[in-house]
Protein chains: 2
Amino acid sequence: MGATKTEHFTDKQNQIATLIKALGHPARIAIIEYLMKVDDCICGDIVNELPLAQPTVSQHLKELKNAGLIKGSIEGNAICYCIDEKAIEKLQNYFGNISTKLSNKKNNCC
Amino acid sequence: MGATKTEHFTDKQNQIATLIKALGHPARIAIIEYLMKVDDCICGDIVNELPLAQPTVSQHLKELKNAGLIKGSIEGNAICYCIDEKAIEKLQNYFGNISTKLSNKKNNCC
DNA sequence: ATTTAATATTGCAATATTACGATAAACTAT
DNA sequence: ATAGTTTATCGTAATATTGCAATATTAAAT
């Protein structure tokens with residue numbers, strides 16, 4: 001096999017899994033952290049900041065964009081990227097909810 | 001290729017990416033949500049709850065355990081699983097930090 | 001000791017991901 | 001128009017992931 005059986009899970013589960021999966025790679029973490037560090041949107045520069053070839057970086061950017069984690073807008077012959085806060089909020093809420101529910105638990109086993 | 005070039009990234013980046021990646025699959029999301037729903041630790045039962053064969057579920061549980069997202073303790077001839085709150089907290093903090101930093105931004109481009 | 005039940009491991013096929021060289025596309029500047 | 005710059009796409013090799021049947025392991029129950 002090798003293909004995830006998405007049809008057996010709920011849409012919500014598949015959606016959050018896709019969003020989370022998009023961040024499950026150090027290069028994509030590094031991209032997000034760089035966009036955060038520069039404290040502004042960045043046109044160009046990302047390729048030079050990462051230890052990977054340009055096509056590889058482009059591919060990672062595409063995945064982040066498809067997942068909705070970053071936005072890109074054309075700025076001359078460069079492209080300007082920045083983090084999409086909504087996606088980060090979704091993730092924060094998701095884990096926040098789990099945390100909250102866990103603290104209301106009995107949890108007398110493990 | 002096909003192998004992630006972890007050596008080029010920081011330990012922190014690799015660690016958080018590994019943790020996040022472990023949740024980037026709908027079956028593993030479903031497992032976490034089930035453990036949450038039952039509001040207690042669960043001995044057995046997980047295989048019956050998921051639409052996947054037993055060896056597949058076992059493999060997903062192993063990945064969650066390796067990543068530190070769940071804990072398992074032997075309880076007779078069953079195994080009792082529950083969520084490890086520390087891992088969830090890590091994730092919550094990680095995304096919380098990003099959110100906080102983003103709200104302090106100028107963000108006048110995208 | 002044998003049987004039953006629950007979980008893990010092995011082996012393997014199908015598919016996905018990662019990475020990059022080569023090339024294309026899109027825009028700027030001269 | 002031509003040359004330079006930036007980003008995207010294509011093609012492809014290497015590796016990883018997913019899923020399951022078959023089998024092994026472990027502990028309980030008879």
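Residue numbers begin at 1 in each chain, while the letters A, B, ... track the order of the sequences. Values reported hereafter were calculated over all heavy atoms of this structure, with side chains retained and with hydrogens, waters and symmetry mates removed.
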Any residue of residues 12-26 of chain A with a heavy atom less than 4.0 Å from an atom of DNA chain D: none
Donor-acceptor pair, side chain of T56(B) and main chain of L52(B), under 3.5 angstrom: no
Interface residues of residues 45-65 of chain B with DNA chain D (non-hydrogen, below 4.0 angstrom): L52(B), A53(B), P55(B), T56(B), Q59(B), H60(B), E63(B)
Main-chain N/O of T10(A) paired to Q13(A) side chain as donor or acceptor, under 3.5 Å: yes
Distance, nearest 0.5 Å, that separates CD of E33(B) from NZ of K37(B): 10.0 Å
side-chain contact (heavy atoms from CB on, under 4.5 Å) partners of Q54(A), counting only residues at least two apart: V47(A), S58(A)
Pairwise 5' ranking along DNA chain C for I74(A) and T4(A), keeping only the more 5' one: T4(A)
Length of the CZ-P vector between R28(B) and dT17(D), whole Å: 9 Å
Residue mapping more 5' on DNA chain D - nearest nucleotide basis, A78(A) or A3(A): A78(A)
NZ on K21(A) to CG on L23(B), rounded to 0.5 Å: 13.0 Å
Test item: I29(B) and Y34(B) side chains (from C-beta on) under 4.5 Å apart, heavy atoms: no
Separation between CG of D84(A) and CD1 of I88(A), rounded to the nearest 0.5 Å: 8.5 Å
H8(A) NE2 to dG19(D) C1', straight-line distance once rounded to whole Å: 10 Å
E63(B) side chain reached by R28(B) side chain, heavy atoms, under 4.5 Å: yes
